[in-house]
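Values in this document were obtained by computation on a predicted structure and should not be read as measured data. Just so we're on the same page: letters track the sequence lines, and every chain starts at 1. Computation of the quantities below employed the complete heavy-atom set of this structure, encompassing side-chain atoms and omitting hydrogens, waters and symmetry-equivalent molecules.
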There are 2 protein chains.
Amino acid sequence: MRMAQVSEHSGVPIATIKFYLREGLLPRGRRISTTQAEYGEEHLRRLRLIRALIQVGRMPVATAREVLAAVDDESLSQHQRLGAAAWALPGPVPPEQDGSGPDETEQARREVSALLARLGWQAAGPDSPPGQALTAAVATLARLGYPCDADHLALCARAAERTAEAELDLLESFPDRAAQVEASVALTVLYEPVLLSLRRLAHVEESARRFED
Amino acid sequence: MRMAQVSEHSGVPIATIKFYLREGLLPRGRRISTTQAEYGEEHLRRLRLIRALIQVGRMPVATAREVLAAVDDESLSQHQRLGAAAWALPGPVPPEQDGSGPDETEQARREVSALLARLGWQAAGPDSPPGQALTAAVATLARLGYPCDADHLALCARAAERTAEAELDLLESFPDRAAQVEASVALTVLYEPVLLSLRRLAHVEESARRFED
DNA sequence: CATGATTGGATAGTGCCACTTTCCAACACT
DNA sequence: AGTGTTGGAAAGTGGCACTATCCAATCATG
């Protein structure tokens, strides 16, 4: 398959494909001659994954490159590769430090620590990327004056636990480890808008029940 | 309070505050003289809300303006004002239409319709902004070859339902309707990183249980 | 009261970043 | 032979969230 065909099948402009090649997101095709290269199905899948990471996951190109590198790195453990997106995606959201006032971040870190202990989660501490992201989010809530109820958090965490099990089950249904890794990254990113939309819909529904005539 | 004080207390640069004033996100202060204006607590809170929407919620300035307009619009019903963020936030993610192949969007729309019917949700149809967002997300999943299990979706939806109840309870604990509306918008946006982080952590945890050692 | 600092506001500029455009030499097709 | 296409490199574009500069009016201080 030539680059033009890749573009046609994926809907991604040729110039953008060249850009991804240059940035190291998409591996080069097998060179046929000085001016031609051959691309296969795996390039198409990788291209769709790139688009998912960047457009749906709003991931910066540099971050996507790291995630894809982890996906391709066979020297990593399966666990590390599966977690690539989880570890790379929560770009350190600038904590918006307020010069004065109490340090909400420190308080939030303690709450997160307590929550993880209570849940019995040990694989990722409060200083892992997703743990830091959670801490930052809780701190932001506190800074705006909305305390984060620990019980409510635990409830949501349990729900997340159950959906994580279901998703891991789905992952294990894939034949080879490479496909599992790719699916893990894709599902991590692509399910987020699904879950957020469901939450919004649930809000609207519940609000209608309570406030609509 | 002068603008400099607002900047100091919020940590937002004066130039940025001026930008928000210009863009109509932050109401002008009460004019004291030709060159001075007085700002109050409500400006501080609004400023924090703006930052939350833009930086945490990654909302474009224009969208934030719409959300805040709905928040301030007392002619709307409480239900409509509470839903402002839910309706405005899912900016129409370009469906990344692939020229060829089956129309996954249409299929996704049917699935979403069926899901809403099964859940008994009637307040927001598949063509409401959050419904469209859900449809687009499901279609993207399908396009990448990851079918979206209806049972799994329903499970997540039930979980979302329960957390929505808890959050509405929290909202109703606020004294006046204006505070409720503001809290609704803030919580809608600020809880998202919390929930996504929890999901990531749950993934890491479950993956560690299955694949570590 | 003189004078320098500060204020709110208008205008134009900056930096980042995901692409896009342009150009080119080497092919492939007819 | 001639026309179109290919992959690649380099420079350009557009959008957007700020940010720097100016300005005239006003405030604060000696």
Side-chain angles (χ1 to χ4, degrees), chain A residues 1-40 43 47-68 89 91-94 96 189, chain B residues 1-40 43-44 47-68 91-94 96 189:
Chain A
M1 204 191 312
R2 297 291 137 65
M3 202 189 278
Q5 265 103 50
V6 175
S7 168
E8 201 167 338
H9 281 113
S10 64
V12 179
I14 290 193
T16 305
I17 295 176
K18 290 180 177 180
F19 171 69
Y20 293 151
L21 287 170
R22 215 178 316 132
E23 293 293 319
L25 301 187
L26 190 65
R28 300 261 179 212
R30 194 170 54 85
R31 291 299 294 267
I32 297 291
S33 73
T34 328
T35 63
Q36 305 220 258
E38 176 74 12
Y39 299 90
H43 290 91
L47 190 50
R48 280 191 290 250
L49 184 56
I50 292 169
R51 294 295 266 195
L53 292 179
I54 290 180
Q55 296 202 326
V56 180
R58 297 171 160 199
M59 196 182 289
V61 166
T63 309
R65 181 168 40 229
E66 289 173 35
V67 171
L68 294 171
L89 225 169
V93 179
E96 180 82 1
V189 170
Chain B
M1 206 190 317
R2 297 291 177 275
M3 202 189 277
Q5 266 103 50
V6 175
S7 168
E8 201 167 338
H9 281 113
S10 63
V12 179
I14 289 193
T16 306
I17 296 176
K18 290 181 177 181
F19 171 69
Y20 292 151
L21 287 172
R22 213 179 317 134
E23 293 293 320
L25 301 188
L26 189 65
R28 300 263 179 207
R30 193 170 54 84
R31 290 297 294 267
I32 297 292
S33 72
T34 328
T35 64
Q36 305 218 261
E38 176 74 13
Y39 298 89
H43 291 91
L44 269 181
L47 191 50
R48 280 191 289 251
L49 183 58
I50 293 169
R51 294 296 265 195
L53 293 179
I54 290 180
Q55 296 201 326
V56 180
R58 296 171 161 200
M59 196 183 287
V61 166
T63 309
R65 182 168 37 231
E66 289 172 34
V67 171
L68 294 171
V93 179
E96 179 83 0
V189 170

Checklist entry - Between dT7(C), dG9(C), dA17(D), which nucleotide has the shortest distance from any of its atoms to the side chain of F19(B)? => result dA17(D)
Checklist entry - Is the side chain of Q5(B) donor-acceptor paired with the backbone N or O of R2(B) at a distance under 3.5 Å, no angle test? => result yes
Checklist entry - To the nearest Å, how far apart are R58(A) CZ and dC19(C) C1'? => result 17 Å
Checklist outcome for this item: Picking from dC19(C), dC18(D), dT26(D), the nucleotide nearest the side-chain atoms of T34(B) would be dT26(D)
Checklist outcome for this item: Of all heavy-atom pairs linking Y39(B) and M3(B), the shortest is OH-CE, 3.5 Å
Next on the checklist: I need the CE-P distance between M1(A) and dG7(D), as an integer number of Å.
Outcome noted: 12 Å
Next on the checklist: Using a 3.5 Å distance criterion without hydrogens, assess whether the side chain of R65(A) forms a donor-acceptor pair with backbone atoms of E23(A).
Outcome noted: yes
Checklist entry - Is the shortest side-chain N/O distance from T35(A) to OP1 or OP2 of dA25(C) below 4.0 Å? => result no
Checklist entry - Rounded to the Å, how far apart are I14(A) CD1 and dT22(C) C1'? => result 15 Å
Next on the checklist: Of the listed nucleotides (dG7(D), dT26(D), dC19(C)), which one gets closest to any side-chain atom of Q36(B)?
Outcome noted: dT26(D)
Checklist entry - Closest to the R22(A) side chain: dT6(D), dA10(D), dA17(D)? => result dA10(D)
Checklist outcome for this item: All heavy atoms of H9(B) vs all of M1(B), minimum pair found to be ND1-SD, 4.0 Å
Checklist entry - Taking CD1 from I17(A) and C1' from dA9(D), how many angstroms apart are they, rounded to a whole number? => result 17 Å
Checklist outcome for this item: For L53(A) and V189(A), the nearest pair of non-hydrogen atoms, with its separation, is CD2-CG2, 3.5 Å
Item to check | Distance, rounded to the nearest Å, where M3(A) contributes CE and dG7(D) contributes P | outcome: 4 Å
Next on the checklist: So if I take every side-chain heavy atom of Y39(B) and compare against dT19(D), dG7(D), dG8(C), which nucleotide ends up nearest?
Outcome noted: dG8(C)
Checklist outcome for this item: I54(B) has its side chain closest, among dC18(D), dT7(C), dC19(C), to dC18(D)
Item to check | Given DNA chain D, 5'-ward residue of the pair E38(A) and P60(B), judged by closest heavy atom | outcome: E38(A)
Checklist entry - To the side chain of A15(A), which of dG7(D), dT20(C), dT19(D) is closest? => result dT20(C)
Next on the checklist: Starting the side chain at C-beta, find the nucleotide from dT20(C), dT7(C), dC18(D) nearest to Y20(B).
Outcome noted: dC18(D)
Next on the checklist: Is R28(A) close enough to dG8(D) that one of its side-chain N or O atoms is under 4.0 Å from OP1 or OP2 there?
Outcome noted: yes
Next on the checklist: What's the separation between atom CD1 in I54(A) and atom OG1 in T63(A), rounded to the nearest 0.5 Å?
Outcome noted: 9.5 Å
Item to check | Phosphate OP1/OP2 of dC27(D): any S33(B) side-chain N/O under 4.0 Å | outcome: yes
Checklist outcome for this item: Between CG of L21(B) and C1' of dA17(D) the distance, given in whole Å, is 15 Å
Checklist entry - What's the CD1-P distance between I50(A) and dC17(C), to the nearest Å? => result 18 Å
Item to check | Nucleotide of dT7(C), dT20(C), dC19(C) approaching R51(A) most closely (side-chain heavy atoms) | outcome: dC19(C)
Checklist entry - Roughly, in whole Å, what's the span from NZ in K18(B) to P in dC23(D)? => result 14 Å
Next on the checklist: With a 4.0 Å cutoff (strictly under), does any side-chain N or O of R31(B) reach OP1 or OP2 of dT7(C)?
Outcome noted: no
